[in-house]
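Below: one structure, written as structure tokens.
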Amino acid sequence: MKEFSDDSMVFTNNIKQNFDGYEVIKSYNIEQPITEEFSDVNGKFENSRFRSSHIKAIAQAVSIITGSGSQIAGISMAAFLVLIGSLSPGQLLAVVQLSNGIQGPVMWIIEKISLIRGTKSVNEALLDLTNERTKSTDKIAVDGFYDTLRMRNVSFSYDHKINIINEFSYDFKKGKKYAIVGESGSGKSTLIKLLLGYYEDYKGVIEIDNKDQKKIDRSYNQLFSVIHQDIFLFNKTIKENITLYKEFSDDKLMDALEKSGLKKFISSLPNGVDTLVAENGKNLSGGQKQRIAIARALIHESPIIILDEATSSLDMETAHDIENKLLHTENKLIITITHKLSENILCQYDEILVVNRGCVSERGKFEQLIQADGEFKRLFQIGKE
């Protein structure tokens, strides 16, 4: 059963991967190897399904044979005793009736033992989840963000061999705006994931208002609104994708649509905000999906907003307009990962962090970093070319 469960997971993931990567498969003409790979996964899945069903059938057959055998043995013994005069015919009938009561439980026990043994690994996984939730009840709750999001000597590795983040230390202050720049692979996205609490196996300390991130329950995530580069949308209306199962006034909704640049697009739709979004937003452009994600972040009014290449799918003018509006939002900590090194935008950040090999190589305002003639200036000049 464990083997069948594992193969089922691999089979499902393979199907999902093939559908998600359909455009790549067609563009690079790799249908043949993908089909062969799927056939192998499918064959293994069906073989484990057959073996599982085969073993279940054997167990069921054994239970039937054992139960029936016990009944026949009892009746045969009773009939022999009747023949030799040690048992009366009436007692024989009693034995037959009692054997019927024994056969059923014997068959049931044998069948259930095989099922219990087969589901042992699944039960262990469920118990692990239960234990995780029990542990989480011992954590503390937070009701807001008031001062500092702090990282102290934080190091992290995905494979426990090469550190992606190396002894990173920094204090992010409420109401300030920070831009994080650096080359691809420098650790920017990993840094954001650590701030969001995606991983706990890091070295060092991450604190919010002097409370250890690892000791805070799920209320920690309510402090953040994240605008990712790759936007996920539910197969629901635009309004439902923005509000995410919460109630907001029409004024707040309209304000979020205005600030995100969605208002004009929404007004052109026959059903407005009640327009249904196809699976993962396939009926919307990349820019429209990003605007919905920005509206989602704005309407929830989280004290910390993180933008991970949030305007990469927008044209330069729209991206500048939206980022300007976000940067003029008061009393919010905004952390932006960006590769678009625009002087007009970067000048508005309180501090720019240049990340290299998982640590801060430079920090300061735009003018300071340009004059320093270091890593930031090199990246900025490359972006202008």
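Hydrogens, waters and symmetry mates are skipped; everything else that's a heavy atom, side chains included, is used. Note that the structure is predicted; figures quoted are calculated from it, not measured.
Within a 6.0 Å radius of OH in Y22, no more than 12 heavy atoms belonging to other residues, nucleotides or ligands are found. Residue-environment remark: NZ (K259) stays at or below the threshold of 12 foreign heavy atoms within 6.0 Å. For D201, the CG atom counts as densely surrounded, since its 6.0 Å shell holds more than 12 non-hydrogen atoms of other residues, nucleotides or ligands. For CZ of F19, the number of neighbouring non-hydrogen atoms (other residues, nucleotides, ligands) closer than 6.0 Å is 12 at most. No more than 12 heavy atoms of other residues, nucleotides or ligands sit less than 6.0 Å from atom NZ of K239.
With contacts defined as side-chain heavy-atom distances shorter than 4.5 Å, the pair R51/F4 does not qualify. The closest side-chain heavy-atom distance from L194 to Q213 is not below 4.5 Å. Side-chain atoms of V226 and L196, non-hydrogen and from C-beta on, do get closer than 4.5 Å to each other. Using a 4.5 Å cut-off on side-chain heavy atoms (C-beta onward), D171 and R152 make contact. Side-chain atoms of N241 and R296, non-hydrogen and from C-beta on, do get closer than 4.5 Å to each other.
Under a hydrophobic clustering in which Ile, Leu, Val, Met, Phe, Trp and Tyr are joined whenever their side-chain heavy atoms come within less than 4.5 Å, directly or via other members, I206 and Y158 fall into the same cluster. Two different hydrophobic clusters hold I72 and M77 under the rule that ILVMFWY side chains link at heavy-atom gaps under 4.5 Å. When hydrophobic clusters are built by joining Ile, Leu, Val, Met, Phe, Trp and Tyr residues whose side-chain heavy atoms come closer than 4.5 Å, directly or via intermediates, L341 is grouped together with I370. Hydrophobic cluster membership differs between L244 and I227, with clusters built from Ile, Leu, Val, Met, Phe, Trp and Tyr side chains linked at under 4.5 angstrom.
The pair D147-K174 fails the salt-bridge criterion, with no side-chain N (NZ, NE, NH1 or NH2) lying under 4.0 Å from an Asp/Glu carboxylate O. By the 4.0 Å N-to-carboxylate-O rule, E200 lies too far from K214 to be salt-bridged with it. By the 4.0 Å N-to-carboxylate-O rule, D40 lies too far from K44 to be salt-bridged with it. For the pair K26 and E31, the salt-bridge criterion is met [side-chain N within less than 4.0 Å of a carboxylate O].
Between the side chain of N14 and the backbone N or O of V10 there is no donor-acceptor pair closer than 3.5 Å. For Y178 (side chain) and K173 (main-chain N/O), a donor-acceptor pair under 3.5 Å exists by modelled atom type.
Partners of S219 by side chain to side chain donor-acceptor pair (under 3.5 Å), not counting sequence neighbours, listed by chain and number: D217. In this structure I162 satisfies the side chain to side chain contact (heavy atoms under 4.5 Å, CB included) test together with D159, sequence neighbours excluded.
Ring geometry, F366 versus F376: the interplanar angle exceeds 60°, so the pair is classed perpendicular (tilted spans 30 to 60°). The aromatic rings of F232 and F234 sit perpendicular, their planes meeting at an angle over 60°, well past the 30° parallel limit.
The shortest non-hydrogen separation linking S186 to E183 is OG-O, 2.7 Å.
Cluster partners of F248, using a side-chain heavy-atom cutoff of under 4.5 Å among ILVMFWY residues and allowing indirect links, are I231, L233, I238, I242, L253, M254, L257, L262, F265, I266, L269, V273, V277, L284, I292, I299.
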Derivation of the side chain to side chain donor-acceptor pair (under 3.5 Å) call for Y199 and T190
CA-CA 9 Å; Y199 308 108; T190 302; over 6 Å; no

Apply side chain to side chain donor-acceptor pair (under 3.5 Å) to S48 and D7, showing your working.
CA-CA 7 Å; S48 62; D7 288 341; 3.1 Å; yes

Would you please test E362 and Q368 for side-chain contact (heavy atoms from CB on, under 4.5 Å) and show each step?
CA-CA 10 Å; E362 290 181 292; Q368 295 172 331; over 6 Å; no

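Taking the six-membered ring wherever Trp is involved, the centroid distance between the rings of F168 and F156 does not fall below 6.0 Å.
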